[in-house]
Amino acid sequence: MTFTQTMRDGGTAVTTASDIVLDVDGLSVEYASAGAPVRACTDVTFQLRRGEILGVVGESGSGKSTLITALTRLQRPPAVTTSGRIVFHPQSGRPGIDLVQLKPRALRSLRWTSLSIVLQSAMDALNPVMRVGEQFVDVLRVHDRSMSRAAAWAEARRLLGLVGISADRARSYPHELSGGMRQRATIALALACRPELVVMDEPTTAVDVVMQRQILAQVLRLRREFDFAVVFVTHDLSLLLELADRIAVMYAGRIVELASAQDLYRTPMHPYTRGLRDSFPPLHAPLERLEGIPGTPPDLRALPSGCPFAPRCPAVMERCHQHLPLLTPRGDRSAACHLHDEELVR
Ligand code: SF4
């Protein structure tokens with residue numbers, strides 16, 4: 001299987017099946033509740049290339065956090081994956097592994113070495129009563145039992161250096177580091193065992209703008225150095241436009257548009273994407289009036305028939321209230337919007 005993709009530099013890459021590190025197909029997640037189930041994620045499908053950064057963006061309640069916990073198998077009841085597959089393809093050429101079906105023990109052996117996670121709050125990821133370096137030593141030695149403690153400490157110091165933290169900080173406790181340092185330390189920790197895929201859940205939310213830029217620059221530099229793929233979730237589209245190769249826009253639990261960062265910014269196909277783009281200051285133009293998106297996201301227990309964005313959409317048509325638009329490929333991008341139906345039949 002092959003598909004083409006427009007790269008950030010405007011070139012085109014041809015991708016083969018062996019270039020795919022993650023293949024998510026028809027993933028649906030629900031939360032059981034006393035009444036109707038909450039459909040937090042519905043029929044989510046995408047592929048991630050090796051070394052690619054895929055941004056996932058949406059308002060709160062769009063399903064992006066549920067997607068992250070499903071991808072990493074960190075979800076807890078009442079969340080249940082009701083259908084779909086999340087297939088991880090190891091670079092070693094071994095057969096793909098469906099993470100949805102994986103037993104906990106097999107999942108543990110994949111964590112850190114193949115798939116790692118950077119959480120929104122560094123304090124949730126770091127043990128507050130252990131020295132930072134010791135936490136690296138633990139991770140490194142669990143996955144490589146032949147590594148001596150001295151070698152693991154040396155590696156911890158090297159990894160901290162990669163994210164701009166001086167080696168002597170390895171002996172600090174998490175509370176002795178600044179918020180930005182803690183977050184950079186969790187990124188270094190996520191990379192300790194050279195994973196092929198790193199899932200990042202709003203990793204820059206708790207830091208100031210200057211630190212945010214530094215962290216993004218470091219993620220890009222480390223990605224070039226270690227060649228891992230990233231799924232980066234955020235509510236901030238402007239941040240993804242600087243970081244991501246492609247962006248998936250989520251609304252009401254579904255991907256409604258998937259395109260290269262450039263295409264998404266220049267020519268958004270879905271009115272919701274356009275609304276998100278116009279909600280933040282332009283990247284390279286004088287600031288004019290910002291347009292917000294009127295209304296609020298729908299109740300995921302009682303979605304309207306047809307397009308879930310219809311009550312807020314400035315381009316809504318009769319058919320939008322009757323038929324749910326499905327994510328449909330259009331060239332090297334996809335969108336779920338009836339505005340583009342005609343292009344398909346032309
Ligand atoms: Fe708007 Fe209709 Fe497109 Fe939905 S399908 S985004 S309501 S134009």
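Numbering starts at 1 and runs along the sequence shown. Order of appearance sets the numbers: ligands from 1, and atoms from 1 within every ligand. These values consider heavy atoms only, across backbone and side chains, with no hydrogens, waters or symmetry-generated copies. This is a predicted model, so every value here is computed, not measured.
- More than 12 heavy atoms of other shown residues, nucleotides or ligands fall within 6.0 angstrom of atom CZ in R319.
- Two residues are said to be in side-chain contact when any heavy atoms from C-beta on lie closer than 4.5 Å; V118 and D201 fail this criterion.
- Note that R158 lies outside the cation-pi zone of W153, set by a 6.0 Å cut-off to the ring centre and a 45° limit from the axis.
- Of all protein N/O/S atoms, those under 2.8 Å from atom 4 (Fe) of ligand 1 are C307 SG, and waters are not counted.
- The side chain to side chain donor-acceptor pair (under 3.5 Å) test with H235 is passed by exactly one of E202, K64, E59: E202.
- Side chains of V132 and R169 form no contact here, defined as non-hydrogen atoms less than 4.5 Å apart.
- Between H270 and F309, the ring planes lie tilted relative to each other; the angle falls in the 30° to 60° range.
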